[in-house]
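Just the heavy atoms: all of them, side chains too, but no hydrogens, waters or symmetry mates, feed the values below. Quick caveat, the model's predicted, so the values are computed rather than measured.
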Amino acid sequence: MSRRADSDETRATARPGREDGDRPDPPGRGGRPDRDDRDSRDGRGRTAAADADARPDQPGADAPSAEPVRTEEAHITAARTGRALTTSALHAAATGADTFPAVLREALGRRGLSLERVSERLKARGITISQATLSSWQRGRSQPERARSLRAVDVLEEILDLPAGTLRSLLGPRRPRGRTTPPGAEGAALQILGEDSVVEKALGARFRHFNQETSSLMVHDIVRIGESGTMSGFSTTNVLRAGRAGADRALFVLSFDDEAAEPVDIRVTCGRLAEATYLKGLKSLVLEIHFGRKLAKLDTTVVSYAVEVSPSLTPATHYERWSRTNLHEYLQQVYFHPGALPVDCHRYVREKVGAPPRAQRRIPLGAAHDVHVLTSRCKPGVHGVAWEYGP
């Protein structure tokens, strides 16, 4: 099944949750502040997008930029922008060689270990730290502070063949803990996604400022279902408006329900792809797309992208999008292969992720083997289409 979050985040399947709870480093400690943009889809063998400014999970979900990209790293997927083939590790963590993130990245690169392997080795020692959290540490977006995280740092020194205390000695002072009521975009996203969502985990520290500079006005999703009933790909066109001057990028999180369904090709036709990171453990894809210019306040821009998906193990049965803001218009289309036509299709709305569906209504199959839902003045929440196959 497939689900997608309105204008913020797209996701196809598994839902993100917060992992470690470690807090982001203070400004200037490592890496630049990330901007948010939501677009999320969710469904089986499909990607889910959140609002129009996609925002994912709590731990940072990127691969190390200083570390060479390796094909065996399951959490990285190559992305294609126009004719240029790039990789997901495009963010450089502008830190010195003697900082915790830089030393951790260098040690990982020297040992040739992927974040997935490191996470597995920590788990074997009784410490559960996700790939997303490890990525957040090595990029300087958060630092280990809790007792479990500090134990993980000690074990990391052993795994990476570092002298005892090498990493511990580089950690900055502990910051005051305790969560205040999140303002703006984060608070709105939490109302729809809930605490510890996959989106929050995928985005890490970026979730706090998830696409605060922009909001979606119009979103058009197109989902394609192949002959086997699994999702073969989807595309999204998103019209964004700047809420403040200087906005120049947006984040999108797309999640998949099925582990076998992974992004195999990404094409951006409006905008420039700056990051494409696939987090296998979260079954989520994080896209950062730049507009190509800084917007003035209330300026609009169009972002369009398409993702080809590998076949899932089970047929897709639904597609959703969640939105944290009001959309002027949302158009959702699902195209079915002639050999895999559903016997029943209906639209529905959820107040938030995980809430029971309401406002269900049957929708007819069109001559092009498609169904569509057009919603004007689309309110925040989860908007989806579901279908059933015959015996």
Between NZ of K283 and OG of S312, what distance do you get to the nearest 0.5 Å?
11.0 Å
With a 3.5 Å distance limit and no angle check, can you tell me whether S119 reaches the backbone of I129 through a side-chain donor-acceptor pair?
yes
Would you name the heavy atoms of R350 and P357 that are closest together and state the gap between them?
NH1-CD, 3.4 Å
Indicate yes or no: at least one non-hydrogen side-chain atom of L104 is less than 4.5 angstrom from one of L170.
no
Same cluster for L331 and V219 if Ile/Leu/Val/Met/Phe/Trp/Tyr side chains link at under 4.5 Å?
no
At what distance, to the nearest 0.5 angstrom, does CD of E158 lie from CG of L122?
10.0 Å
Under a 3.5 Å threshold, yes or no: a donor from one side chain and an acceptor from the other, between Q333 and H220?
yes
Show your reasoning for whether side chain to side chain contact (heavy atoms under 4.5 Å, CB included) applies to R241 and L298.
CA-CA 6 Å; R241 180 169 61 191; L298 301 183; 4.2 Å; yes
Using the side chain to side chain contact (heavy atoms under 4.5 Å, CB included) rule, take I266 and L285 through it: C-alpha gap first, then chi angles, then the decisive distance, then the call.
CA-CA 10 Å; I266 303 162; L285 173 67; 3.9 Å; yes
Distance alone, cut at 3.5 Å: any donor-acceptor contact between the side chains of S114 and E116?
no
Is the backbone N or O of E145 less than 3.5 Å from a side-chain atom of S149, with the two atoms forming a donor-acceptor pair by type?
no
Can you tell me if E351 has over 12 outside heavy atoms packed within less than 6.0 Å of its CD?
no
If I compare all heavy atoms of E157 with all of T166, which pair ends up nearest, and what's the gap?
OE2-N, 3.1 Å
Rounding to 0.5 Å, atoms OH (Y330) and OG (S376) come to a distance of 13.5 Å
L171 vs L167 side-chain heavy atoms within contact, under 4.5 Å
no
Do L374 and M218 land in one hydrophobic cluster if side-chain heavy atoms of ILVMFWY residues count as linked below 4.5 Å?
no
Gap separating the CG atom of D221 from the CG atom of N238, nearest 0.5 angstrom
8.5 Å
V349 and V223: same hydrophobic cluster, using ILVMFWY side-chain contacts below 4.5 Å?
no
For residues A260 and S310, report the shortest heavy-atom separation together with the two atoms involved.
O-OG, 2.8 Å
Check the hydrophobic clustering (I, L, V, M, F, W, Y; side-chain heavy atoms under 4.5 Å; chains of links allowed) and say if L313 and Y389 are grouped together.
no
Is the number of heavy atoms from other residues, nucleotides or ligands under 6.0 Å of R361 CZ greater than 12?
no
Under-4.0 Å salt bridge between E288 and R206:
yes
Excluding sequence neighbours, so at least two apart, what forms side chain to side chain donor-acceptor pair (under 3.5 Å) with R151?
none
Verify the cluster assignment for I127 and L156: are they in a single hydrophobic cluster under the rule of side-chain heavy atoms below 4.5 Å apart?
yes
Minimum heavy-atom distance V371-C345, with the two atoms named
CG1-SG, 3.8 Å
For the pair W387 (side chain) and A316 (backbone), establish whether a donor and an acceptor sit closer than 3.5 Å, ignoring hydrogens and angles.
yes
Can E262 and K280 be counted as an ion pair, charged N to O under 4.0 angstrom?
yes
Atom pair OG1 (T214) and CG (D248), whose distance is rounded to the nearest 0.5 Å
10.0 Å
What heavy-atom pair brings G243 and K297 nearest, and what distance separates the two atoms?
O-CE, 3.5 Å
Could you walk me through whether T375 and L327 pass the side chain to side chain contact (heavy atoms under 4.5 Å, CB included) check?
CA-CA 9 Å; T375 305; L327 292 174; over 6 Å; no
Between L162 and R110, is there a side-chain heavy-atom distance shorter than 4.5 Å?
yes
For the student: nearest non-hydrogen atoms of T230 and P315, plus distance:
CG2-CA, 4.0 Å
For R117, does the CZ atom have more than 12 heavy-atom neighbours from other residues, nucleotides or ligands under 6.0 Å away?
no
Main-chain N/O of D161 paired to R111 side chain as donor or acceptor, under 3.5 Å
no
What I'd like to find out is whether the side chain of S235 reaches to under 4.5 Å of the side chain of V307, using heavy atoms alone.
no
Quick one: does R272's side chain have a donor or acceptor within less than 3.5 Å of a partner on H290's backbone?
no
4.5 Å side-chain heavy-atom contact, V239 and H328:
no
With distance as the sole test, does S142 use its side chain to make a donor-acceptor pair with the main-chain N or O of T133 at under 3.5 Å?
no
Between the CG atom in L115 and the OG atom in S136, the distance rounded to the nearest 0.5 Å is 11.0 Å
Stepwise side chain to side chain contact (heavy atoms under 4.5 Å, CB included) test for L108 and Q138:
CA-CA 9 Å; L108 288 167; Q138 70 166 353; 3.4 Å; yes
Is atom CZ of R362 surrounded by more than 12 heavy atoms (other residues, nucleotides or ligands) closer than 6.0 Å?
no
I'd like to know if the side chain of S232 and the backbone of R224 have a donor-acceptor N/O pair within less than 3.5 Å.
yes
